[in-house]
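Quick note: numbers below take in every heavy atom, side chains included, and nothing from hydrogens, waters or symmetry partners. Within every chain, numbering begins at 1; the chains are lettered A, B, ... in the order of the sequence lines, protein sequences first and strands thereafter.
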2 protein chains.
Amino acid sequence: MNEIEVRRRATVHDVARAAGVSLATVDRVLNGRPGVRPATAQKVEAAVAELGFHRDLSASLLARARDLTLVFLIPGGSNEFMESLAEAVARRAVPARAERMHVEARRIPALDPQALADALDGLDARDWDCAVIVASEDEPVMAAVERAARRGIGVMTLVSDLPGSARRQFVGIDNVAAGRTAASLIGRFCPKGKIGVIAGSMHLRDHRERLEGFRAVLAKDFPGLMVLAPVEGHDETEETRERAAALIAGHPDLAGLYNLGAGNAGLVAALDASHRAGGIRVVAHELTAPTRAGLKSGAIDVVLDQNPDGEIRAAIAAARALALGGAGPADAEPIEIGIFLRDNLR
Amino acid sequence: MNEIEVRRRATVHDVARAAGVSLATVDRVLNGRPGVRPATAQKVEAAVAELGFHRDLSASLLARARDLTLVFLIPGGSNEFMESLAEAVARRAVPARAERMHVEARRIPALDPQALADALDGLDARDWDCAVIVASEDEPVMAAVERAARRGIGVMTLVSDLPGSARRQFVGIDNVAAGRTAASLIGRFCPKGKIGVIAGSMHLRDHRERLEGFRAVLAKDFPGLMVLAPVEGHDETEETRERAAALIAGHPDLAGLYNLGAGNAGLVAALDASHRAGGIRVVAHELTAPTRAGLKSGAIDVVLDQNPDGEIRAAIAAARALALGGAGPADAEPIEIGIFLRDNLR
DNA sequence: GCACTCATGAGGTACGTACCTCAAATCGGC
DNA sequence: GCCGATTTGAGGTACGTACCTCATGAGTGC
């Protein structure tokens, strides 16, 4: 069709020829099998680089009897967004199967670093090619990621990143930008007054980043607003309700509320109970049943959303890319931050 | 790993056994080769349905010497969004190649039904599995889609749909919802006054749908606003500038402006020249260089966006699904409408 | 019931990779 | 320069589908 089409993709045979070794040796190097001298391995790697060889995933998955396996370790609890992530995994399982991928979601205790580490440690590298975690930034998690990577399991982070670890890729939104957007909306909505902030946990990097972006824009562009110290609702409905109720009751001049974590059913309940819903400008995260209800009733003004289906799709695509390239981080396109008002609910 | 994993996918061999025919016959039926009695073909199809057989795309593409080919026929002209679609195709060409797909973008004259029809007619079914068009709703286009489908080329529509035609799938946003969202934003921004509307062409279904949604919400929720008759800028910079300038000059009480087509560089130029930028609330479509500039300068308040990369990715995925299933429309997930203010530019 | 066409079966090769076996070559140490 | 261990080569089969040939089956018209 054109010059690109004419030029055949390089195959393992080409690599063998270019490196001056046999097919078996190329295979040993590519699949990390033992019994190859470093000097020979280097010859092969040089040929791979020179030819721009990339393993043909279709053929590779066809030849292995087994599909590419990918497990999502998703926090449990009353966090509706995590629920929707798990549902998205289930939805994508069917089409993924057509692409020779087996994807599965497992729920683990939320905000429990040791439970996440244990779940990672429990993965057998013979069964799983890749694991996707919603990371909290804690030492046991870092160490478990390291161990999994060493066993040959590619670890990716979803929603909340773990930079500096052995994770191969992060899939999620720019949380600093999300916080900044929340601030710029709240700032336009509220001429003056106090702004309350509710987080899930400061151990979650995504929450810390949102707070950082939020504070930065408010401080710079809206000096008339005063940000209260953030309180933690641990992403649970009831705890978030209590924190929100306390904020509302304790500050009669509360102009805005930013819940950068989950537990939005509790937030809406507290707003409704206070009879000040509609008088306080509220920005929350993730389009779920409670935030939809809040938007419709007017209790919530804006919801910032990271499309769970899109994230799961991106994670699955990234896993394929990892399996294909073997090497460096595939450049994933960033997930968009969705902004939802009552009128553009999907 | 679990019961799904254990249960092998059905193969052509299984289908042959279940239908009580040979492999060759199954192959003839699946690939539409001649020489099969209708009764036999039906037996095979029944077996396919019963076993839930789906052709293994990896193996299929491996066996055909040729990659799956997909051509995007994208309007040319000064329309920046179309430009970004073409760029997105080029970007996706590389990863698509790893999935054994050849994708290519061709530019054709904009708003020229005959040119589009000719381009479709010029596609050889031996070279192209699938074509993606940005359709205008005109008879020559409908007929050409019909002919292409008859030749065995799967046609999909992008951005603007062509219902009732032989197109297999539409990839794009819900344009009625986009128009409604524009109205609900303009409505909140403007207490009263006249609202101007600029369209590209009323032959484009997406533009008609946006206008429909826009008018419906304004009429229902914001009766204080008066919508002027829409003018056509034909998605060209200069023509849009003239139309916008005329609207602004002709209506000193113009409160809002909705450009539901392209040509935004002209819109911004007209606003700047009028010295009323900032005094008129402006909603436009598609995040491109001119709309970004407009957001930053304050000339444009909100941009509604359909992520071109996401659309191209969805189109490519849909093409795979079509090639795989052969049958009915793959249920594509709808493309999200992005809302961008100055502060959440990505 | 003959010649003929058309439908079907049987079997092969190919795609690019994974994984296996077995023999042969090469290496290091002494 | 010999031994034993390690490294390498050669070649095979398999995955699931596409596409090919050739032979044989069934069906048709006359």
Among C/dG9, D/dC15, D/dT17, the nucleotide that comes nearest once only the side chain of B/Val21 is considered: C/dG9

If you pin A/Ala63 and B/Ala39 to their nearest nucleotides in DNA chain C, which one's is more 5'? B/Ala39

To the nearest Å, give me how far apart CZ (B/Arg33) and P (C/dA7) are. 15 Å

Residue-phosphate contact under 4.0 Å: B/Thr11 side-chain N/O, D/dG16 OP1/OP2: no

Side-chain N or O of A/Ser60 versus OP1/OP2 of C/dT17: is the shortest distance under 4.0 Å? no

Between P of D/dG16 and CG of B/Leu23, the distance in whole Å: 12 Å

Figure out the CG/C1' separation between A/Asp27 and C/dG16, and round it to whole Å. 12 Å

So which nucleotide from C/dA18, D/dT8, C/dT17 ends up closest to the side chain of A/Val36? D/dT8

Going by modelled atom types, is there a donor-acceptor pair between the base of C/dG9 and the side chain of B/Arg28 at under 3.5 Å? yes

For A/Ala148 and A/Leu120, which heavy atoms make the closest approach, and how far apart are they? CB-CD2, 4.4 Å

If I compare all heavy atoms of B/Met142 with all of B/Ser165, which pair ends up nearest, and what's the gap? SD-CB, 3.6 Å

Taking only N and O in the side chain of B/Arg66, is any of them less than 4.0 Å away from OP1 or OP2 of D/dA18? no

Which nucleotide in C/dG9, C/dT17, D/dT7 has an atom nearest any side-chain atom of A/Thr40: D/dT7

Spacing of A/Asp56 atom CG relative to D/dT17 atom P, expressed in whole Å: 16 Å

What I want to check is whether the side chains of B/Asp118 and B/Gln114 have a donor and an acceptor closer together than 3.5 Å. yes

Using whole Å, what does the distance between atom C1' of nucleotide D/dC19 and atom CG of B/Asn31 come to? 9 Å

Testing D/dC15, C/dT8, C/dT17 for proximity to the side chain of B/Thr25, the answer is C/dT8

Starting the side chain at C-beta, find the nucleotide from D/dT17, D/dG9, C/dT17 nearest to B/Val12. D/dT17

Just how far, in rounded Å, is C1' of D/dG27 from CZ of B/Arg37? 8 Å

Atom pair distance, as rounded to whole Å: CG in B/Leu57 and P in D/dT17: 10 Å

Value in whole Å for how far the P atom of C/dG16 lies from CG of A/Leu51: 14 Å

Checking A/Arg100 against B/Arg9 for the side-chain contact (heavy atoms from CB on, under 4.5 Å) test, could you report, in this order, the C-alpha distance in whole Å, the side-chain angles of both residues, the deciding distance, and whether it holds? CA-CA 10 Å; A/Arg100 292 199 159 263; B/Arg9 249 189 297 272; 3.5 Å; yes

Within the side chain of B/Ser136, is there an N or O that forms a donor-acceptor pair under 3.5 Å with the backbone of B/Pro113? no

